There are 2 protein chains.
Amino acid sequence: MARRPTLPFDPIAEARRNWSNADWGEAAEGMALVTSVMRAHQILLARVDEALSPFELTFARYEALMLLVFSSRGKLPLGKIGERLQVHPASVTNVIDRLEQHALVRRERHPTDQRTTLAAITPQGRRLAKRASEALNAAVFSQPGVGDGRVQELFDGLAELRRSAGDFEDSTERSSTF
Amino acid sequence: MARRPTLPFDPIAEARRNWSNADWGEAAEGMALVTSVMRAHQILLARVDEALSPFELTFARYEALMLLVFSSRGKLPLGKIGERLQVHPASVTNVIDRLEQHALVRRERHPTDQRTTLAAITPQGRRLAKRASEALNAAVFSQPGVGDGRVQELFDGLAELRRSAGDFEDSTERSSTF
DNA sequence: TTACAATAGTTTGAAGTCAAAGTAATATTT
DNA sequence: AAATATTACTTTGACTTCAAACTATTGTAA
C-alpha cells in the first residue's frame, strides 16, 4: 500500500462536505460510510497481506486454507468453498490452483459425483495455516486498529449491513465461515 | 458477486467461536472485525459497480473522475491522484489509461516539470461523473444497508481505524478526498 | 559545473476478482 | 430410454491492485 504524508484533516469527512455542497446532502452520510469501508478494507488487507507474506500466502489463500482446517474431514468441494467465502467459482479455481502449486492442498475426485472436485488440505498446509494464524493473531487480530470498546460496536454495525445484503437471516448462530 | 442461499446463521460470528475454541480467544474479536470489513467491502463494491456499470465505469475510475470534478481547475498530477486515493502509482496509470480510452480524461504535460503528467477531465467526463453520482446516490449512498442511527456510528468507528493507520491526524476537518 | 539523490510516471509481472462461455456429469422430465 | 435441464468446475478475458525495475527529469550536494 502506498505510503503518504499524514494529512492534517480527515479526507472522507471533507468529501462528505463536498457532497453536501453539491446538493447531494441526503446521500452524503452514505457516501462517507461506503468510502470509509473501502478505505478500511484497503488498510486491513495491506496489514494482513504483510503479515502473511513470510508464509508466501495472501489473504484469499489463507481464508481457503482455514476453511479446510476447520472442516471436519479436511476437505471440501470447490463449490462449497466458494459458497462459504462468497467468491466466484473462477476465483476458487484460481486460489486452489495456487495452493496446489505450493503443496498446501491437493485436488481429489469426489467418490460419487464426477462433476465435483474436492480440495483436501495437506499436513504441510495444516502446519502453515497454524503458524500463519499465530502470526496474524499477533500482528493484526489482537490490534485491529480501534479501541476494545469499538470492536464489538463495529462488528454489530457491519453485521447489520451483511444481514441486509442477505448473508444470513438471524442472529442465532450455528455453523461457520471457518 | 456470486449469489448464494441465505444462511440461517452468521458465518463470521461462528468463525469467531471457532477461533475461541482454537485457543485464540484473545484475537477472536479482532479476527471477526477484520473479516467483517472484508465482507462489507465485497458487498458494497458489488453494489457500487452494479450501479456504475450502465456508465461503463468502475468504482476506481469513478473515484478518479470525482477527484478531478472537485479539483479547482479540473486537472491534477497523477502523483497527487495516487496520494489522495491512496493507491499505488501503477494503479493510477492504469485507471487514467482507461479513462483516457473512454475520452473522459486527457493527459497533459506539466507547464514547468517534465516529469509530471497532468490528468484533465473532459466536458464529457464531467457530464458522466454527474450522472453517475446521481445514480450512485439513488442506488447505494442513500441506502447503504444500515439504519440511519448506525451510519454515523460506523463512520466514527472506521475513522478511528483510519486515523490509527495514519490517514490523518485530527478530527479538525479541512480539504478533501474529493 | 558536475555528480549524485530524489522524484514522477511507466512497464512488467503476479495476484485475485467477476462475467461469460465452455465442457463434462448428473438430475429431471417426457 | 431418450431428451432436456441443471450443476460443477474450468477456461478466457477484463479489471484493479501492488511490488519491483526502469526511464527521464529535477533538485541538491560537493
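As the structure is a prediction and not an experimental result, all values here were calculated from the model. Order of the sequence lines fixes the chain letters, A, B, ..., with proteins taken first and strands second; residue numbering starts at 1 for each chain.
- No side-chain donor-acceptor contact under 3.5 Å links A/Q124 and A/R127.
- Atom CD of B/Q86 is separated from atom P of D/dC18 by 10 Å (rounded to the nearest Å).
- Of all the residues in residues 92-115 of chain A, A/T93, A/R107, A/R115 reach under 4.0 Å from DNA chain D with at least one non-hydrogen atom.
- No side-chain heavy atom of B/L161 sits less than 4.5 Å from a side-chain heavy atom of A/P144.
- Annotation: the span from A/N137 atom CG to A/S142 atom OG amounts to 7.0 Å, rounded to 0.5 Å.
- The nearest whole Å value for the distance from the CG atom in B/L45 to the P atom in C/dC18 is 9 Å.
- Atoms CD (A/E56) and C1' (D/dC18) sit 17 Å apart, rounded to a whole Å.
- When distances run from any side-chain atom of B/L78 to the nucleotides D/dT12, D/dA19, C/dG9, the shortest one goes to C/dG9.
- The side chain of A/T117 places no N or O atom within less than 4.0 Å of a non-bridging phosphate oxygen (OP1 or OP2) of D/dA8.
- Distance check: B/L45 CG to A/M38 CE gives 4.5 Å after rounding to the nearest 0.5 Å.
- Within residues 127-134 of chain A, no residue approaches DNA chain C, by heavy-atom distance under 4.0 Å.
- The closest side-chain heavy-atom distance from B/I96 to B/L78 is below 4.5 Å.
- Heavy-atom nearest nucleotides on DNA chain C were determined for A/R61 and for A/A90, and the one closer to the 5' end corresponds to A/R61.
- Using a 4.0 Å cut-off, no side-chain N or O of A/T116 falls inside it from OP1 or OP2 of D/dA8.
- By the 30° and 60° cut-offs, the orientation of the rings of A/W19 relative to A/W24 is tilted.
- Residue B/K80 contributes atom NZ, which lies 11 Å from atom P of C/dG9 at whole-angstrom precision.
- Rounding to whole angstrom units, CD1 of residue A/I43 and P of D/dC18 are separated by 12 Å.
- Considering only heavy atoms from C-beta on, B/V95 stays 4.5 Å or farther from B/E63 through its side chain.
- The separation between B/D49 atom CG and C/dC18 atom C1' is 10 Å, rounded to whole Å.
- Residue-level contact check: B/A60 touches the backbone only, with heavy atoms under 4.0 Å from sugar-phosphate atoms and none from bases.
- In this structure, CG of A/L118 is placed 8 Å from P of D/dC9, rounded to the nearest angstrom.
- Side chain of B/S20 to main chain of B/G25: no donor-acceptor pair is present (N/O by atom type, distance under 3.5 Å, no hydrogens or angles).
- Computed from coordinates, the A/H88 NE2 to C/dA15 C1' distance equals 17 Å when rounded to whole Å.
- Side-chain atoms of A/Q101 and A/D97 include no donor-acceptor pair closer than 3.5 Å.
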